[in-house]
Participant: 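Would you mind keeping the following structure in view while I ask a few things?
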Amino acid sequence: MTPNLTRRHLLGLGVFRTAAALGLTRITLSPAQAATQAAQATDHTPALVIGSGYGAAVTALRLGEAGVPTLVLEMGRLWDTPGSDGKLFCATGAPDHRSMWFRTRTEAPLAQFLWLDVVNRDISAYPGVLDRVRFDHMSVYVGRGVGGGSLVNGGMAVTPQRAYFSEVLPAVDAAAMYDTYFPRARQMLGVNTVNPAWFESTEWYRFTRISRKHADNTGLRTTFVPNVYDFGYMEREAAGQAVKSALAGEVIYGNNHGKRSLDRTYLAAALGTGNVTIETLHRARAIRRQPDGTYVVTADRIDPAGTVVATREIGCTRLFLGAGSLGTTELLLRARESGALPDLSADIGTGWGTNGNVMTARANHVWDTVGANQSTMPVMGIDDWSNTANPVFAEIAPLPMGFEHWISLYLAITRNPERGTFRYDAATDSARLDWTQAQSQVSVDAAKKLFDRINLRNATIYRYDLFGGNKTFADDFTYHPLGGCVLGRATDAYGRVRGAPGVYVTDGALVPGSIGVNPFVTITALAERNIERVLAED
Ligand code: FAE
């Protein structure tokens, strides 16, 4: 499926280009107006959206279409201005200041090779595109910028198994989700699938075919997984007819081409309505309620050095939180604990999980080469989710190092029932996560059961050199933070925040810790469902 590039999308894409050319942080259909208004603080907007990831982007588009003037605040930058190398994003193999959110050294998920720290680089601090938020025993990777996680993720666009979706979110009408909102989300996101004939023949997916062979040998099922990366573009990359992106190792620090990130889909269409404005480098910090029932959000505007250059108070009639599982939970927790919104539910901050994420790697025999050339976009998973004794869905992940290394890498999604809780730390004015190593061990044990079988059957072993401390399983980070303001608990069945009428949660914070597959299609579809109801009723 390719997205219909409507007149709205094209208008919106033009707006992004103009804003980038003019260096604007305020992005709207009327750039002249943006330039003159940039200095003035907007003091009231009917609808305010915090963040610009999946939930936020859906919400902004549907509000804009309904004619509601909507302001979006995003703490990251707009990724539309090339650097001195002519590229928007830096190369994964040579990361610079654009790679990470205010770091002086990169913190890549796979930090070592042959136990050597050869991956990370010293960089200068800048609002880069990938952040690693560190808590005790768990780090969370998130995207920063207009488009949120869509800028840095692997693009895998997976619809969860219906039975598991219903188990996780029993109050949501599954028929409506699977008949209406999942298809709508996939269509809008531009989900497409790799051409099977090309997949079977190309060197760029040899690594996937080797993993499939080993799964087959073990009697495990593999399945193709759709993606939002344009596979037509990828085939042209392989043929030398297009500038390489997925085939040039680009992914976690952004793709310069090929990826249908939200700034090209939902957000472009939102801007094209003429009712949506995006302010970048604005970090929402506090929420309070006015006596008349409207809300005021305090936001710090930062410059590229991270210095707060202005603090703004923005009033709104309706407030939509799309700052991601961590961002939204922290804003609401702070509001509750500081006494600004004392009626918020005790459920805020609870029900958080890692989607059972755990990474592992196997060493193959010399004859099972994975290829020096690897596409960064995963297209296949080992699907053992229906194994009730040990459900695992393992994405066959690339490790594009530019030379043959005989490594098969996987991101396993396990059914880990452990949940973490955020508590407000007044000393740092931030949300801290209570999560223990034992809670991650549950994911490791499940993944190990599956990969022990694969190793046994293929006479292969784990790699010990990649994750630090001779670990065979990376259990200390997640790409899939879910929960913190769970649907039907901290909110009603449509994301309306309990104890704060007129405030809504739109993002991954709604999903209670696990969804069994990569989550952005679910987050997008839920946001479509919720905003439709809110526009109809509120
Ligand atoms: P998200 O996309 O995180 O957007 C939140 C936005 O809010 C961000 O732009 C933040 O900068 C912004 N923000 C946060 N706090 C504030 C604040 N206080 N003020 C203003 N702005 C704020 O939220 N998922 C898949 O389904 N398939 C994949 O292949 C996949 N691969 C991944 C690979 C990586 C490396 C990573 C990090 C994630 C991956 N994910 C993948 C997860 C996916 O990107 C994630 O679930 C969604 O992005 C979450 O969407 P939300 O709308 O919850």
Side-chain angles (χ1 to χ4, degrees), residues 48-59 72-79 92 101 108-109 127 129-133 139-160 185 189 191 225-229 251-254 259 261-263 266-267 278-287 297-302 320-332 334 355 357 376-379 381 395 397 411 413 430-431 477-485 505-511 515 517-524 526-527:
L48 183 59
V49 178
I50 310 297
S52 61
Y54 292 91
V58 170
T59 305
V72 177
L73 297 184
E74 167 56 52
M75 66 191 268
R77 53 164 284 198
L78 171 65
W79 289 95
T92 317
W101 183 255
V129 72
L130 182 70
D131 199 357
R132 178 175 183 150
V133 184
S139 288
V140 182
Y141 280 98
V142 291
R144 300 269 181 240
V146 175
S150 76
L151 299 168
V152 297
N153 67 32
M156 290 177 73
V158 199
T159 305
L189 291 166
V191 175
V225 167
N227 201 294
V228 294
Y229 196 89
V251 59
I252 58 168
Y253 301 138
K259 167 102 72 84
S261 46
L262 290 166
D263 49 329
Y266 273 101
L267 292 169
I278 303 174
E279 299 258 20
T280 61
L281 297 171
H282 275 68
R283 182 178 197 146
R285 176 161 44 87
I287 307 167
V297 168
T298 308
D300 293 327
R301 181 172 165 196
I302 59 166
F320 297 88
L321 300 176
S325 163
L326 300 185
T328 291
T329 304
E330 181 171 79
L331 281 166
L332 288 176
R334 186 185 287 133
N355 204 20
N357 271 195
T376 55
M377 295 295 138
V379 292
E395 154 193 336
L411 179 70
I413 296 172
S430 64
F477 69 82
T478 182
Y479 288 162
H480 300 166
L482 293 173
C485 309
V505 173
T506 70
D507 55 25
L510 292 171
V511 182
I515 196 65
V517 291
N518 314 61
F520 75 61
V521 171
T522 303
I523 295 169
T524 306
L526 261 187

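Counting starts at 1 for both ligands and their atoms, following the listed order. This structure is a prediction, so every number in the text was calculated from the model and none was measured.
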Participant: Which atoms of ligand 1 have any heavy atom of Arg283 under 4.0 Å away?
Facilitator: 18 (N), 19 (N)
Participant: Would the distance check show the side chain of Thr524 and the main-chain N or O of Ala185 forming a donor-acceptor pair, the cut-off being under 3.5 Å?
Facilitator: no
Participant: Any atoms of ligand 1 less than 4.0 Å from a non-hydrogen atom of Gly148? List them with their elements.
Facilitator: 2 (O), 4 (O), 8 (C), 9 (O)
Participant: Would Tyr141 count as a polar contact of ligand 1, with the cut-off being nitrogen or oxygen pairs under 3.5 Å?
Facilitator: no
Participant: For Leu73, counting its heavy atoms only, list the atoms of ligand 1 lying under 4.0 Å from any of them.
Facilitator: 20 (C), 21 (N)
Participant: Using heavy-atom distances, let me know which of Asn153, Leu130, Leu321, Leu151 sits nearest atom 40 (N) of ligand 1.
Facilitator: Asn153
Participant: Take atom 49 (C) of ligand 1 and look for protein heavy atoms under 4.0 Å from it; say yes if you find one, no if not.
Facilitator: yes
Participant: State the atoms of ligand 1, each with its element, that fall below the 4.0 Å cut-off from a heavy-atom position in Gly155.
Facilitator: 28 (C), 29 (O)
Participant: For Arg144, take its heavy atoms, then give the atoms of ligand 1 lying under 4.0 Å from any of them.
Facilitator: 10 (C), 11 (O), 14 (C)
Participant: Is any side-chain heavy atom of Trp79 closer than 4.5 Å to one of Val129?
Facilitator: yes
Participant: Which residue, Val297, Leu326, Ile287, forms the side chain to side chain contact (heavy atoms under 4.5 Å, CB included) with Leu331?
Facilitator: Ile287
Participant: Is the backbone of His282 close enough, under 3.5 Å, to the side chain of Asp300 for a donor and an acceptor to pair up by distance?
Facilitator: no
Participant: Looking at Thr522, Asn153, Thr59, which one forms a side-chain hydrogen bond (donor to acceptor under 3.5 Å, both in side chains) with Tyr54?
Facilitator: Asn153
Participant: Is Gly55 in polar range of ligand 1, meaning some N or O pair under 3.5 Å apart?
Facilitator: yes
Participant: Got a donor-acceptor contact below 3.5 angstrom from the Ser261 side chain to the Leu151 backbone?
Facilitator: no
Participant: Can you sort out which atoms of ligand 1 are near His282, meaning under 4.0 Å from one of its heavy atoms?
Facilitator: 19 (N), 20 (C)
Participant: Would you indicate whether the side-chain heavy atoms of Val511 and Leu526 approach each other to under 4.5 Å?
Facilitator: yes
Participant: N/O of Ile252 under 3.5 Å from N/O of ligand 1, yes or no?
Facilitator: no
Participant: Examine distances only and state if a side-chain atom of Thr478 and a backbone atom of Asn357 form a donor-acceptor pair shorter than 3.5 Å.
Facilitator: no
Participant: Is there a nitrogen or oxygen of Met156 sitting under 3.5 Å from a nitrogen or oxygen of ligand 1?
Facilitator: yes
Participant: Met75 versus ligand 1: do any nitrogen or oxygen atoms come within less than 3.5 Å of each other?
Facilitator: yes
